[in-house]
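One structure is given here, and the rest of the page talks about it.
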Amino acid sequence: MERARERSTGQREQRPAGPYADLSGESPETELELLVHGVGGTTPEKMLGDPRTVRVTGDDTAAVFRRAEDAEGAPDGSGTGGEAGAERGRERRSGPVREAYVWCNLTSGDGSRALWLLLLPFMVVNLAHWMRPAAPGRPRVVRLYGLLVRLCALTLTVLLVAAACEVALDLVAWQCAGVQACVRRHSWLDFLSPAAGGWWSAPGRRLALAATLPVTLTGLLWYLSHRTWRAYESHRPLSSTSVATDDERGSADEERGPAGGGAVPRSGGPEPGGDDAGPVGHGSALARPGFWYGRRLVARLRAAHTAAGLLTVAAAVTTPAARFDHRPGGPAVLDVLGLGLAAALLLCGAAVVVVVCRRGRSEWRLDQRLDRHLVRRLPLAALALLLLGLVYAGWSRPGWQSTGRLPGDPSFGALMLAQGLLVVALATVAGYLHRRRPDPRAGMRGLGGPAVALLACALGGVISGGVAQRVADWLDGTRALLTGPPVLLTWQASVIPPLLAVLLLLVAGLALHTARLARTERDRVRHEHPGEPEDPARTRAIAHARAMATLTDRAPLVVAVLTATTLVLGSVALAGALATRKTPDGAAHRTHHLVQAVAETSQALGSWLVGVGFLLFVTWGRRAYKDASARRTIGILWDVGTFWPRAAHPFAPPCYAERAVPDLTWRMATWTRRTGGRLVLSGHSQGSVLAAAAAWQLPPSVRGRVALLTYGSPLERLYGRWFPAHFGPPALAALHHDIDCWRNLYRRTDPIGGPVRVPDETSPDVDHEPLRDPLAYGRTPDHPLPAPILGHSDYQTDPAFTRERARLLTRLHPELPGQRPELPE
């Protein structure tokens with residue numbers, strides 16, 4: 001109601017044009033349940049419990065479905081039977097009309113989705129942006145947090161492209177093509193061999209030709225990002241046409257900064273200042289009009305990261321030639337050209353860093369502008385410098401030969417050191433923000449973001465080192481012909497066995513803890529069913545399900561141990577590589593025989609583990625390209641990781657919520673305005689997160705006629721702990737304040753869903769008491785066969801679901817549609 005009073009002084013709400021704009025007349029339909037499925041998706045037939053369903057709105061990617069009987073009388077004009085059809089549908093059903101929003105195709109579709117496997121490190125680092133602690137009143141510190149994450153994401157792009165350069169330019173074109181014995185093993189390199197004396201045999205021209213691979217990789221990343229940018233980020237939220245403008249609302253754009261003017265945030269919303277500003281006292285940034293419209297930011301970051309990739313290739317090609325020209329007695333003209341080209345590369349690289357450092361998200365308004373000059377000119381400038389570098393490197397240089405490793409070996413060490421410093425700085429900032437408002441439920445005491453950023457960097461390093469190791473072994477199986485990849489990559493692969501050993505110990509400890517907890521749960525299960533015959537197997541099964549469900553709450557411990565081990569082992573690898581400049585077995589050559597054995601075993605085993613992992617990675621991607629079921633599995637993996645907008649890395653998989661949330665808000669707003677009826681937004685698992693995000697985006701006039709029913713919901717158990725700034729206790733309390741009719745169902749056997757823990761003395765509690773699972777311990781007249789342990793599934797089959805839905809509808813008060821507002825001219 002506070003929001004409604006605030007908005008009454010502004011511009012009158014506008015109804016969207018189109019098939020839902022006509023509000024004349026009344027509809028017999030007054031109750032609607034809008035179902036939103038969870039992770040992995042399902043079919044509308046299963047959601048609605050009817051084999052005959054009809055799509056009433058949407059497309060092949062995401063759509064709303066009804067039963068065929070209900071669609072005949074749909075008030076939005078999608079049916080054909082009018083009021084008579086609605087009456088027949090009412091006779092055949094009990095309860096509200098049910099609609100199913102199916103969004104699973106947003107994360108699983110054609111074979112091109114298999115390419116998203118390449119984007120895993122980018123997706124992980126993008127999550128770190130959203131995992132910051134809540135920090136009211138510290139907008140500059142919060143912006144610093146976002147800046148550090150974006151810089152960390154930029155280093156990942158450079159690392160991936162540098163790994164491609166290491167494989168193509170160093171191992172293939174520089175080392176193998178320059179050694180006749182290696183060329184004899186791989187005859188397809190004959191035309192590059194200096195012994196052949198061909199035009200391509202010059203070292204610079206070999207490098208220019210091999211640059212095709214990393215340039216193609218950069219182009220592929222740009223293509224995937226641009227394609228998904230047009231499909232996902234271009235869907236405008238409901239606020240673009242149905243809420244007041246920014247000037248009337250008094251909000252401030254992010255670009256104006258904290259002193260840009262007196263902003264008046266909406267009830268439950270955060271303070272102005274863009275994507276980096278934290279909530280004021282309570283609320284969530286998900287309520288901002290422009291939160292789900294990051295088109296401008298993604299376009300700008302895509303230009304910067306594409307330019308960074310091209311500049312990395314240009315530096316890898318030109319550095320060896322510039323070093324050769326800069327030798328005493330070298331050609332003066334080429335030396336000057338090399339220095340000028342290096343200066344231009346540094347200048348363009350500085351421009352990339354400046355673009356990444358700019359604050360980008362204008363969440364307080366729907367920012368439809370695009371930095372077209374920047375988006376076009378920055379990648380074109382980097383491409384021009386790359387072409388100049390290819391011409392420069394390909395120039396004839398008598399006496400130039402390729403020996404040893406390609407110059408630029410220290411670049412991997414510099415990248416790893418930069419990533420480590422960024423993560424440490426990020427942890428310092430996150431710790432400060434957490435101390436400003438401690439949240440005992442926050443994962444890892446607010447350090448979840450830095451931990452995830454470190455894991456993303458480690459994942460990128462393992463992939464880079466694994467690819468380089470496998471290609472080196474393939475080119476030189478005897479390890480006697482080639483110098484091999486940089487020693488740091490070998491050290492990174494060598495620390496994988498001890499990391500796996502720590503994880504195995506952790507898994508063993510968790511298994512023992514779960515076994516003890518299961519024994520404790522057996523006594524509780526027996527006390528919950530007094531007077532029933534004892535069934536030891538049944539009791540063990542229920543207790544085991546409850547104990548296994550608690551493993552989700554141990555995730556912070558797992559991440560903390562994995563992060564600490566990764567940080568220590570990564571530091572050891574970096575220090576060992578810089579101090580010895582040798583591989584682990586070479587560095588331990590004259591040490592104790594036990595140390596030598598450990599070093600040799602770790603290096604060999606790490607190389608093979610990385611190789612096997614990379615082969616499995618490629619095999620899975622190839623299978624996913626051909627197999628629809630495998631593509632669906634990959635889609636499930638991204639359902640959780642790609643909920644958030646691409647605010648840190650533009651090459652991350654696209655955010656499906658930027659399509660799903662506007663879909664849900666548009667559907668709820670148009671139906672309630674059309675009918676004046678009552679609507680229950682019913683979300684399961686990940687669908688409950690989408691439902692909450694959509695509820696935050698609803699105008700106040702619509703929100704008063706919408707109730708929220710969540711079940712198997714990770715809103716507090718996962719999102720509240722790992723994303724405290726957006727789903728922490730103040731944010732969920734604000735959602736409960738804005739959506740007064742909210743009920744949450746969960747089970748003790750559910751490994752994902754749990755209570756949302758929003759107590760409120762002025763209104764009914766959100767959380768229902770834990771549902772019984774199974775519904776019956778033994779055989780009963782109602783359950784003559786053993787009732788299954790449902791865990792995370794089939795919440796709608798529980799009698800409590802129908803009962804709570806009816807209570808929510810009773811608490812809502814239907815209203816007649818208001819007078820049609822005047823449309824804007």
Original post:
What are the two closest heavy atoms between A451 and M444, and how far apart are they?
Top reply: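 Where A451 meets M444 most closely, the heavy atoms are CB-CE, 3.7 Å.
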
Original post:
Quick one: side chain to side chain donor-acceptor pair (under 3.5 Å) partners of H226, sequence neighbours excluded?
Top reply: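 Expected list: none.
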
Original post:
What residues, two or more places apart in sequence or in another chain, satisfy side chain to side chain donor-acceptor pair (under 3.5 Å) together with R323?
Top reply: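 With neighbours one apart ignored, the set is empty.
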
**OP:** Verify the distance criterion only: is there a donor paired with an acceptor across the side chains of Q469 and T490 at less than 3.5 Å?
**Re:**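 A donor-acceptor contact under 3.5 Å links the two side chains.
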
Out of curiosity, [X] [atom1] to [Y] [atom2], how far, rounded to the nearest 0.5 Å?
X	Y	atom1	atom2	answer
L310	C348	CG	SG	9.0 Å
S464	L488	OG	CG	10.0 Å
F291	E658	CZ	CD	8.5 Å
R659	T228	CZ	OG1	14.0 Å

Original post:
Knowing that exactly one of L301, T306, T218, L224 qualifies, which makes a side-chain contact (heavy atoms from CB on, under 4.5 Å) with F651?
Top reply: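 Of all the options given, the one that passes is T306.
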
Original post:
Only one of V125, N126, L120 clears side-chain contact (heavy atoms from CB on, under 4.5 Å) with M123; which?
Top reply: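 Answer to the side-chain contact (heavy atoms from CB on, under 4.5 Å) test with M123 among V125, N126, L120: L120.
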
**OP:** Step through it carefully: locate the ring centre of H726, locate the ring centre of W644, and say whether they are under 6.0 Å apart.
**Re:**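 Yes, the ring centres sit under 6.0 Å apart.
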
Original post:
Looking at F723 versus Y719, is the centre-to-centre ring distance below 6.0 Å?
Top reply: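 Yes, ring centres under 6.0 Å apart.
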
Side chain to side chain contact (heavy atoms under 4.5 Å, CB included) with [X]: which residues, sequence neighbours excluded?
X	result
L334	D325, P331, L337, Y392, W395, R397
L148	L144, L422, A425, L426, V429
S396	R205, P398

Counting N and O atoms only, with roles assigned by atom type, does the side chain of [X] sit under 3.5 Å from a partner on the main chain of [Y], one being a donor and the other an acceptor?
X	Y	value
D170	L406	yes
W222	A307	no
T580	G576	yes

What donor-acceptor contacts under 3.5 angstrom involve side-chain atoms of residues 151-168, with partners at least two apart or in another chain?
{"residue": "T155", "atom": "OG1", "partner": "C152", "partner atom": "O", "Å": "2.5"}
{"residue": "T155", "atom": "OG1", "partner": "Q419", "partner atom": "NE2", "Å": "3.3"}
{"residue": "T157", "atom": "OG1", "partner": "H305", "partner atom": "ND1", "Å": "2.7"}
{"residue": "T157", "atom": "OG1", "partner": "H649", "partner atom": "NE2", "Å": "2.7"}

**OP:** Can you label the angle between the F324 ring and the W400 ring as parallel, tilted or perpendicular, going by 30° and 60°?
**Re:**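 Parallel: the ring planes of F324 and W400 meet at under 30°.
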
